[in-house]
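These notes are about the structure you will find just below.
We use all heavy atoms of the structure for the numbers below, so side chains are in, but hydrogens, waters and symmetry mates are not.
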Amino acid sequence: MYRASNEKQSRSLLALSAVALIAAPLPAIAQESAGAATEQPGLFNSLLNLFNPQRTAGSEAPTIDALPYSVDIEVRGGDRDLRNAVTDASNLESLKNRPPSGAAGLVRRARADEGNINAALYSLGHYAGVIRITLAGNAPDAPNIFDLLEAARKRGPVPVRIDVDPGPVFTFGKVQILDAATHRPLADAPSLDVLNLQPGEPALASAIVRAESVLVDHWRRSGHPFARVVDKDVVADHATRKLDVAILVSPGPVATFGRFTVEGADFLTPGFIEERVEIAPGTPYSPEVLNRLRRRLLKYEAIAGVRLVEADHLAPDGSLPITIEVTARKPRYVGFSATYSSTDGSAINAYWGHRNLFGGGETLRLDSQVSWFGQKPEAVPDADPFGYRLAASFMKPGIYTAQDDLIAQAAVFREVTNAYVNEAITLLAGVRHRFNDQLSMQVSIDLEESQVEDTTGTHDYFIAGVPIDVNYDSTDNDLDPSRGWRISGTVEPFAYLGDSGGGPAMLKGSASTYYALDERKRYILAGRVAAGSVLGASLDDIPPQRRFYVGGGGSLRGYDYQSASPRNADGVIIGGRSFFEASVEARIRITDTIGVVPFLDMGSAFTSELPDFDEMKYSAGIGLRYYTAIGPLRVDLAFPLNPSPEDGTYGIYVSLGQSF
C-alpha cells in the first residue's frame with residue numbers, strides 16, 4: 001500500500017506501485033525490441049551480425065504505417081546517474097529507431113513512458129518529480145492528438161520532447177518491519193543497517209525492493225520455507241521530504257526436511273540420486289543445504305540440470321517434502337582447445353568423451369594433443385621442438401560408498417622444455433573420498449616409465465609413488481570465483497624415484513583466496529601462494545621431470561617457461577629441490593563483458609631442500625578479460641621487474657579462465 005501525505009502529490013506516489021518494474025518485465029507496450037539496425041549482407045558482415053544485439057529487430061517485417069519521430073530529453077538539475085536512469089527508462093528513446101504504427105502507437109508509447117520514468121525517479125529517491133511529455137508540442141491526452149500527429153508527420157519526423165523536473169531527494173523517515181498477523185515489530189528481523197533502510201539515508205525505491213528480498217531470505221535461512229512479504233505501507237511526507245516505510249512480513253511456520261522424491265533420473269542406475277541426497281529426515285530446513293545438494297549433483301557430468309521443487313504445504317509432521325527433478329546431458333561429446341604463450345609454447349588438443357559410460361555416471365575422456373615449444377631447448381639444442389600427448393582419464397563414482405570415486409589417468413607423451421626432453425608412459429590410479437561439499441582427499445598409485453635427455457645425456461627412469469592429495473574449495477565459481485578459499489596439498493612418498501631409489505618424499509601445497517569489494521562483484525581482489533620441496537634426495541638423484549621449475553603463465557608471468565629456476569655453470573636450466581610462488585590480482589569489470597586485471601607475481605625455484613628466497617624474481621603486468629557464458633577469456637601481458645640477462649622482456653598468455 002502506498003499513499004501520499006497530501007492530495008496534490010498523491011498521483012506521483014500512487015505510481016510507486018510501479019517500482020515492481022525495477023525487477024519485473026515491462027508491459028506489452030514496452031516489450032518492443034530496441035533498435036532497428038539492419039543486418040548487412042556478405043560473409044564477414046554475417047559473422048559480425050552474430051554479435052549485433054539488434055539483429056532480431058532488423059530481421060522483422062517493417063512496421064505498417066510507421067510514424068518516425070525524434071526525441072529530446074531534458075532533466076533539470078539532475079546528475080549523470082539520474083539522467084541516465086531517465087534515458088534508460090524511456091521507451092521513446094530506446095525504440096526511436098523502430099517507429100511505432102501510426103499516431104496511436106506513438107501515443108501508447110508516450111503514456112507508457114510516464115510510468116517508466118516515474119519508476120526510475122522513485123528508484124533514486126525522487127518522489128515529487130514532474131514529468132511532461134509532448135508530441136509535436138501537444139500532450140498525449142489532447143482531444144485531437146491523432147489529427148495533430150498526422151499533420152505533423154507531413155513536415156518530417158514528429159518532434160517528441162520529455163521534460164523531467166525530478167524534485168528533491170527524499171530520505172527515509174520511520175522504518176518498521178512488522179508481523180503481518182499482529183502488526184507488531186518482529187524482534188528477530190534484520191537490522192535497518194543490514195536492510196539499507198537507515199533513517200536519514202536517501203529513500204531509494206530500489207532499496208525497498210532489495211530489502212523485501214533480504215527479509216524473505218533471512219527467514220528462509222532461519223527455517224521458515226514459506227516466509228513472504230504480505231504488504232507494504234509507504235508514505236511520502238512532502239513537507240519534510242521523508243518516506244515512512246512499514247513492511248509487513250509473514251514468517252510462516254518453522255519446518256524440517258521431509259521426504260525427497262526423484263523424477264527424471266531414469267538415465268542413471270536406480271538409487272543414484274537418492275544415495276547422494278545426504279539430508280536426513282528431520283533436518284532443519286535450510287535453503288543453503290538445498291543449494292549445496294544442487295551444486296553437488298551438478299558436478300556429475302551426466303546431469304545437465306537439477307531443479308529442487310518445494311511442496312506448497314507442510315506434511316502433518318511439520319516436514320517439507322522436496323521433489324528433485326533431474327535432466328540428462330548428451331552422453332557423448334567432442335571438442336578441441338588451443339593455448340598460446342610467447343614463453344611457454346603452444347598446443348592444440350582434440351578430445352572425445354562420454355559422460356555416462358555404463359549408466360552409473362562413469363566418465364571417459366580421450367585426449368590427443370600436439371605441441372610446439374617455439375624455440376630451441378637450451379638443454380638439448382638439436383631436439384625436435386614438437387611434442388605430443390595421448391591420454392585417457394576415467395572416473396567411476398560410488399565404488400564403495402556414494403562419497404568414494406575411482407579415478408584413473410594414463411598417458412603416453414613427449415614433452416619438450418628448456419631443461420629436458422621427456423618421453424614417458426604414466427599411470428595414476430586412486431580413490432577420492434569426499435568428506436563434505438568442500439573437503440576431499442585422494443590416495444593414489446603413481447607409476448612412470450620415462451626416457452629423459454638433458455645436459456648430462458640420456459637416462460631411463462622408473463618412478464613409483466603414493467601421492468596423498470587433500471583439497472578444500474569454498475569458492476562460488478570454478479572459472480571466475482568472487483569469494484572463498486582454494487587450498488590444496490600433496491604428500492608423495494616414493495618407493496622408487498629414479499637414481500635416488502626409495503625413501504624421498506615430495507611435499508607441495510597452494511592456497512588462493514578471493515574477495516569481492518562490492519555487491520555486483522565488479523571489483524575482486526585475488527591472491528595466491530604456493531610452495532614445495534623434495535625431501536631426502538640430492539638434486540642430481542631426482543629425475544629432471546620431477547624437479548621444481550618456476551616461470552611462465554602458470555607460475556611467474558613475464559618470464560620464460562622454467563626460467564626462474566636454478567641453472568648449471570653453463571647457464572642451462574636444471575631445476576630445483578624447492579620452490580615458492582605468490583601472486584596478487586585486482587580483477588576489475590569495466591562493463592558486463594570486459595574487464596582489466598593488473599597483477600604482481602613473484603617466485604623462484606631453489607637448489608636447497610627448503611626455499612631460501614635467494615634470487616627471487618618479480619613481474620608485473622595487465623590483463624584483459626572477456627567474460628563469456630562459460631567463463632572469462634584471459635589475455636595477460638607481463639613484464640619482468642628484475643630480469644637476468646638470459647630472460648626475455650615480456651610474456652603474453654591466452655587461455656580460458658582466470659590465472660588462478
Discussion item. Regarding Gln438 and Ser474, do their side chains bring together a donor and an acceptor under 3.5 Å, going by distance alone?
Written reply: no
When every non-hydrogen atom of Pro504 is compared with those of Ala537, the smallest separation belongs to CG-CB, 3.8 Å
Does the Tyr559 side chain pair with the main chain of Gly553, one donor and one acceptor, at a distance under 3.5 Å?
no
Closest non-hydrogen atoms of Pro544 and Asp454, given as atom of the first, atom of the second and distance, are CG-OD2, 3.3 Å
Is the shortest heavy-atom distance from the side chain of Tyr285 to the side chain of Leu290 under 4.5 Å?
-> yes
**Prompt:** Checking Arg522 side chain against Ile590 main chain: does a donor-acceptor pair fall under 3.5 Å?
**Reply:** yes
For Arg577 and Phe548, indicate whether the former's side chain and the latter's backbone hold a donor-acceptor pair under 3.5 Å. no
With heavy-atom distances below 4.5 Å as the criterion, would you say the side chains of Tyr514 and Arg486 are in contact? yes
- With a 4.5 Å heavy-atom cut-off, do Leu268 and Asn356 have their side chains touching? yes
Non-hydrogen side-chain atoms of Arg355 and Tyr300 separated by less than 4.5 Å:
no
*asked:* When you measure from the side chain of Asp476 to the backbone of Ser482, do you find a donor-acceptor pair of N or O atoms at a distance under 3.5 Å?
replied: yes
>> I want to check something: taking the side chain as every heavy atom from C-beta on, are Thr458 and Val452 in contact at a cut-off of under 4.5 Å?
In response: no
Interatomic distance, CZ@Arg483 vs CG@Asn477, rounded to 0.5 Å, equals 10.0 Å
(Q) Closer than 3.5 angstrom, by distance alone: can the side chain of Ser371 be matched with the main-chain N or O of Ile348 as a donor-acceptor pair? (A) no
Residues Ser619 and Pro640: closest non-hydrogen pair is CB-CA, 4.1 Å
Electrostatic pair Glu581:Arg528 at N-O distance under 4.0 angstrom: yes
In this structure, OG of Ser563 is separated from CG of Asp647 (nearest 0.5 Å) by 4.5 Å
Closest non-hydrogen contact found for Gly558 with Ala638 is N-CB, 3.4 Å
Correct closest heavy-atom pair for Arg294 and Leu308 would be CB-CD1, 4.0 Å
Between Arg625 and the options Asp592, Asp480, Asp636, the salt bridge (charged side-chain N to carboxylate O under 4.0 Å, His left out) test singles out Asp636
If we ignore angles and hydrogens, is there a donor and acceptor under 3.5 Å between the side chains of Ser655 and Thr339?
no
task: Cation-pi check, Arg365 to Tyr351: give yes when NZ or CZ is under 6.0 Å from the six-membered ring centre and within 45° of the ring axis, no otherwise.
output: yes
- Between Asn471 and Ser440: side-chain donor-acceptor atoms closer than 3.5 Å: no
Shortest non-hydrogen pair, Phe660 vs Ser512, comes out as CD1-CB, 4.0 Å
- prompt: Taking atom types as modelled, is there a side-chain donor on Glu492 or Thr490 under 3.5 Å from an acceptor on the other?
  reply: no
### Task
Look at the aromatic rings of Phe257 and Phe260 and report parallel, tilted or perpendicular, splitting at 30° and 60°.
tilted
Exercise for review: Please confirm whether the backbone N or O of Glu646 pairs with a side-chain atom of Ser644, one donor and one acceptor, at under 3.5 Å?
Suggested key: no
**Q.** Any donor-acceptor pair under 3.5 Å from Ser533 side chain to Glu609 backbone
**A.** yes
Quick test of your reading of the model: are Asp570 and Arg567 salt-bridged, counting only N-O distances below 4.0 Å? no
Do His433 and Asp404 make a side-chain contact, defined as non-hydrogen atoms from C-beta onward lying under 4.5 Å apart?
yes
Checklist entry - Looking only at atom types and distance, does a side-chain atom of Arg547 sit under 3.5 Å from a main-chain N or O of Ile542, one as donor and one as acceptor? => result yes
ask   = Sub-3.5 Å donor-acceptor pair from the side chain of Asp601 to the main-chain atoms of Ser583, do we have one?
value = no
Distance col, row Glu362:CD vs Thr269:OG1, nearest 0.5 angstrom, shows 7.5 Å
Q) Does a side-chain heavy-atom distance below 4.5 Å link Glu448 with Asn422? A) yes
Between the OG1 atom in Thr456 and the CD1 atom in Ile574, the distance rounded to the nearest 0.5 Å is 10.0 Å
Quick one: sort the Phe613 and Phe580 rings into parallel, tilted or perpendicular, breaks at 30° and 60°. perpendicular
Answer whether the closest heavy-atom distance between the side chains of Tyr523 and Tyr515 falls below 4.5 Å. no
OG1 of Thr426 to CD of Gln545, rounded to nearest 0.5 Å, is 10.5 Å
The reported gap from OH in Tyr627 to CZ in Arg634 (rounded to nearest 0.5 angstrom) is 12.0 Å
ask   = Backbone N or O of Ala620 within a donor-acceptor pair of the Arg557 side chain at under 3.5 Å?
value = no
